[in-house]
Amino acid sequence: MTASLDDQTRAIVTACIPALEAHGLDITREMYSRLLADPAIAELFNRSHQKSGEQPTALAMAVLAYARHINDLGTLTGMIERIAEKHVGLNILPEHYPHVGQALLGAIAHVLGDAATPEIMQAWGNAYQFLADVLMNRESQLYKEKEEAPGGWRGWRAFTIRQRVAESGDVTSFRLEPTDGKPVVLHKPGQYLTFNITVPGEGSQRRNYSISSAPDSRGYRISVKRAAGGLVSGWLHDHAKEGTELLVSAPAGTFTLPEETANHPVVLLSAGVGLTPFIAMAEAAHKAGRKAPLHYVHGTHTPQSEAFGPRVRELAKDGTVQADIFYTRKNDTAAAGQNVQTHEGHISAAWLKAHTPADALYYLCGPDAFMQSVIAGLKAEGVPESRIKHEVFGSASTPEDALHAA
């Protein structure tokens with residue numbers, strides 16, 4: 001990213017960091033209340049993240065990261081790429097940006113009151129427009145790349161559920177193939193699909209679900225956990241049958257294994273339904289005949305809650321992965337196997353340090369609390385941040401999460 005903001009704008013934005021630290025969440029909450037008053041704009045957002053506070057928190061942390069790095073904008077490249085991928089999945093368009101800018105500036109003025117001087121408002125207007133231009137330019141490139149790739153498309157494409165499979169008591173897989181019968185773009189393992197699902201009585205809902213299958217030109221598989229009170233996950237479990245049609249955008253996301261990791265030990269570390277991108281990576285590794293160590297470490301409550309248990313054991317038996325499964329509740333039915341060890345308790349950084357390669361790359365996906373605990377533990381054990389990658393589907397709990405996730 002090229003730093004082209006003027007010195008005065010950058011100086012004013014930097015001076016606002018203490019105000020953002022104190023009032024950033026109030027600003028983003030106010031911003032979303034203004035945005036969501038417009039039904040056409042409201043449907044672009046995951047409303048469950050609004051109710052839980054995840055979306056305002058994520059934006060507040062991203063804005064704070066932007067302000068802290070306004071004099072070193074190259075640091076923001078990873079964050080920009082992740083946001084652009086998310087926007088393309090959601091089909092965010094240039095005409096949406098003025099609405100966001102107006103709401104953000106209005107929220108700043110409302111929350112800061114008299115402290116929001118004309119100079120401050122002008123600086124934040126400049127800073128927002130600069131960032132919006134960067135995002136729109138990158139998103140235009142991504143839309144073009146995804147549309148022109150073999151099997152690719154732009155916007156929403158109709159897919160039909162061809163198969164439903166219960167993977168555990170609360171996780172169901174859905175095999176999706178395009179209704180038009182044509183090929184699909186080959187995704188990168190670790191990417192997700194974005195869905196535009198109309199739930200009766202609730203309107204249009206947009207959600208992201210990781211692809212849980214290896215690249216296949218015929219279609220994709222997603223694996224969805226029934227979340228407590230989950231509007232869309234509940235609808236999928238209760239009403240999405242074989243033959244149901246869904247609107248889907250092209251695969252997106254940056255949480256993938258680069259080609260240079262093919263000869264490097266990798267630890268796929270998950271809890272709960274966070275395993276879904278790693279099942280795709282393991283399936284792809286199996287197809288490609290990967291030789292470098294691939295260590296699958298997963299935490300779940302019981303064998304009954306363990307999704308893809310039989311498939312993981314098949315992949316371990318043929319040598320694709322070395323698997324360690326941690327059950328947090330005592331049981332006597334955990335099935336081990338060739339290259340599979342089972343354990344009672346929680347995954348710990350100390351265990352990882354002792355049982356995984358010293359130079360391993362760690363990829364993490366799961367609940368926020370799980371990732372925060374493991375990341376902090378790995379760093380305490382001396383693992384460099386450069387060797388820790390994590391996916392964030394909900395809020396970024398710190399500016400560093402906003403900056404470095406995926």
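In this chain, residues are counted from 1 in sequence order.
Side-chain atoms of His239 never come within 3.5 Å of backbone atoms of Trp235 as a donor-acceptor pair (strictly under, hydrogens ignored). Formation of a donor-acceptor pair under 3.5 Å by the Thr28 side chain with backbone atoms of Leu25 is found in this model. With Thr14 contributing its side chain and Arg10 its backbone, the two residues share a donor-acceptor pair below 3.5 Å. Under a 3.5 Å cut-off, the side chain of Tyr66 and the backbone N or O of Ala127 do form a donor-acceptor pair. Distance alone, capped at 3.5 Å, places no donor-acceptor pair between the Ser305 side chain and the Thr300 backbone. Distance alone, capped at 3.5 Å, is enough to place a donor-acceptor pair between the His187 side chain and the Ser213 backbone. Between the side chain of Gln322 and the main chain of His295, no donor-acceptor pair closer than 3.5 Å is present. Proximity of a side-chain donor or acceptor of Lys241 to a complementary backbone N or O of Asp238 within less than 3.5 Å is detected. Remark: side-chain polar atoms of Glu242 are paired, donor with acceptor, to backbone N or O of Arg164 under 3.5 angstrom.
By the 4.5 Å heavy-atom criterion applied to side chains, Phe195 and Ile222 are counted as neighbours. Inter-residue side-chain proximity for Phe45 and Leu35 is flagged as met; some heavy-atom pair is nearer than 4.5 Å. Side-chain contact between Trp153 and Pro178 is absent, with no heavy atoms from C-beta onward closer than 4.5 Å. Inter-residue side-chain proximity for His23 and Leu112 is flagged as met; some heavy-atom pair is nearer than 4.5 Å. Between Arg387 and Tyr362, the closest side-chain pair of non-hydrogen atoms falls below 4.5 Å. The shortest side-chain heavy-atom distance between His87 and Arg138 does not fall under the 4.5 Å cut-off. Residues Tyr192 and Thr276 fail the side-chain proximity criterion, which asks for heavy atoms closer than 4.5 Å. Within the 4.5 Å cutoff, the side chain of His96 has heavy atoms near those of the Leu93 side chain.
Note that the CG atom of Leu104 and the CG atom of Leu59 stand 7.0 Å from one another [nearest 0.5 Å]. Taking CZ of Arg221 as the reference point, atom CD1 of Ile211 lies at 11.0 Å (rounded to 0.5 Å). Distance OG/Ser249 to CG/Asn208: 7.5 Å, rounded to 0.5 Å. Taking OG of Ser373 as the start and NE2 of His346 as the end, the distance is 9.5 Å to the nearest 0.5 Å. To the nearest 0.5 Å, atoms CG (Leu186) and CG (Asp216) are separated by 8.0 Å. In this structure, the separation between CZ on Arg226 and CG on Asp170 is 9.0 Å, given to the nearest 0.5 Å.
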Yes or no on side-chain contact (heavy atoms from CB on, under 4.5 Å) for Leu275 and Tyr296, after CA distance, side-chain angles and deciding distance? CA-CA 9 Å; Leu275 56 77; Tyr296 174 87; 3.7 Å; yes
side-chain contact (heavy atoms from CB on, under 4.5 Å) between Leu193 and Leu176: does it pass, once the steps are laid out? CA-CA 11 Å; Leu193 298 175; Leu176 308 168; 4.2 Å; yes
Could you walk me through whether Gln141 and Asn137 satisfy the side-chain hydrogen bond (donor to acceptor under 3.5 Å, both in side chains) test, starting with their C-alpha distance in whole Å, then the side-chain angles of each, then the deciding distance to 0.1 Å, before giving a yes or no? CA-CA 7 Å; Gln141 294 171 350; Asn137 288 337; over 6 Å; no
Derivation of the side-chain contact (heavy atoms from CB on, under 4.5 Å) call for Glu21 and Arg68: CA-CA 10 Å; Glu21 291 171 339; Arg68 286 180 175 173; 2.9 Å; yes
Passes side-chain hydrogen bond (donor to acceptor under 3.5 Å, both in side chains), Asp318 versus His286? Steps please. CA-CA 9 Å; Asp318 71 21; His286 172 73; 2.9 Å; yes
side-chain contact (heavy atoms from CB on, under 4.5 Å) between Val297 and His343, intermediate numbers included: CA-CA 11 Å; Val297 184; His343 314 266; over 6 Å; no
Derivation and outcome, side-chain hydrogen bond (donor to acceptor under 3.5 Å, both in side chains), residues Glu167 and Ser223: CA-CA 8 Å; Glu167 305 292 356; Ser223 303; 4.8 Å; no
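Atom NZ of Lys144 is surrounded by 12 or fewer heavy atoms from other residues, nucleotides or ligands within 6.0 Å. With a 6.0 Å radius and a threshold of 12 heavy atoms from other residues, nucleotides or ligands, Arg162 has its CZ atom above the threshold. Counting heavy atoms of neighbouring residues, nucleotides and ligands inside a 6.0 Å radius, atom NZ of Lys146 exceeds 12 of them. Remark: Glu147 CD is packed, more than 12 non-hydrogen atoms of other residues, nucleotides or ligands lying under 6.0 Å away. The local environment of CD in Gln102 is sparse, with at most 12 non-hydrogen atoms from other residues, nucleotides or ligands closer than 6.0 Å. Heavy-atom neighbours of Lys291 NZ from other residues, nucleotides or ligands within 6.0 Å: at or below the threshold of 12.
Nearest approach of Ala240 to Ile161, heavy atoms of both residues: CB-CD1, 3.6 Å. Counting all heavy atoms, side chain and backbone alike, Phe308 lies closest to Ser173 at CZ-OG, 3.5 Å. Among all heavy-atom pairs drawn from Val312 and Ala323, the shortest one is CG1-CB, 3.9 Å. Across all non-hydrogen atoms, the minimal contact from Trp156 to Arg206 is CZ2-NH1, 3.6 Å. Contact detail for Ala284 and Pro215: the closest heavy-atom pair is CB-CD, 4.0 Å. The minimum heavy-atom distance linking Glu139 with Tyr97 is given by the pair OE2-OH, 2.8 Å.
Between Tyr363 and Phe255, the distance from one ring center to the other falls under 6.0 angstrom. Taking the six-membered ring wherever Trp is involved, the centroid distance between the rings of Phe174 and Tyr209 does not fall below 6.0 Å.
Residues Thr179 and Glu245 have side chains that bring a donor and an acceptor to within less than 3.5 angstrom of each other.
Glu30 and Arg34 are joined by a salt bridge, as a carboxylate oxygen and a charged side-chain nitrogen come within less than 4.0 angstrom of each other. Checked for salt-bridge contact, Arg82 and Glu85 miss the test: no charged N lies under 4.0 Å from a carboxylate O. Ion pairing between Glu283 and Arg311 holds under the 4.0 Å rule for side-chain N and carboxylate O.
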Using atom types as modelled, flag every donor-acceptor pair under 3.5 Å from a side chain in residues 259-273 to any protein atom, sequence neighbours excluded.
residue: Thr261; atom: OG1; partner: Pro258; partner atom: O; Å: 2.6
residue: His264; atom: NE2; partner: Asp359; partner atom: O; Å: 2.6
residue: Ser270; atom: OG; partner: His298; partner atom: ND1; Å: 2.8

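Taking the side chain to side chain donor-acceptor pair (under 3.5 Å) definition, one finds that Ser33 meets it with nothing, sequence neighbours left out.
Ile197 pairs in a side-chain contact (heavy atoms from CB on, under 4.5 Å) with only one of the listed residues (Leu247, Val248, Leu231, Leu236), which is Leu236.
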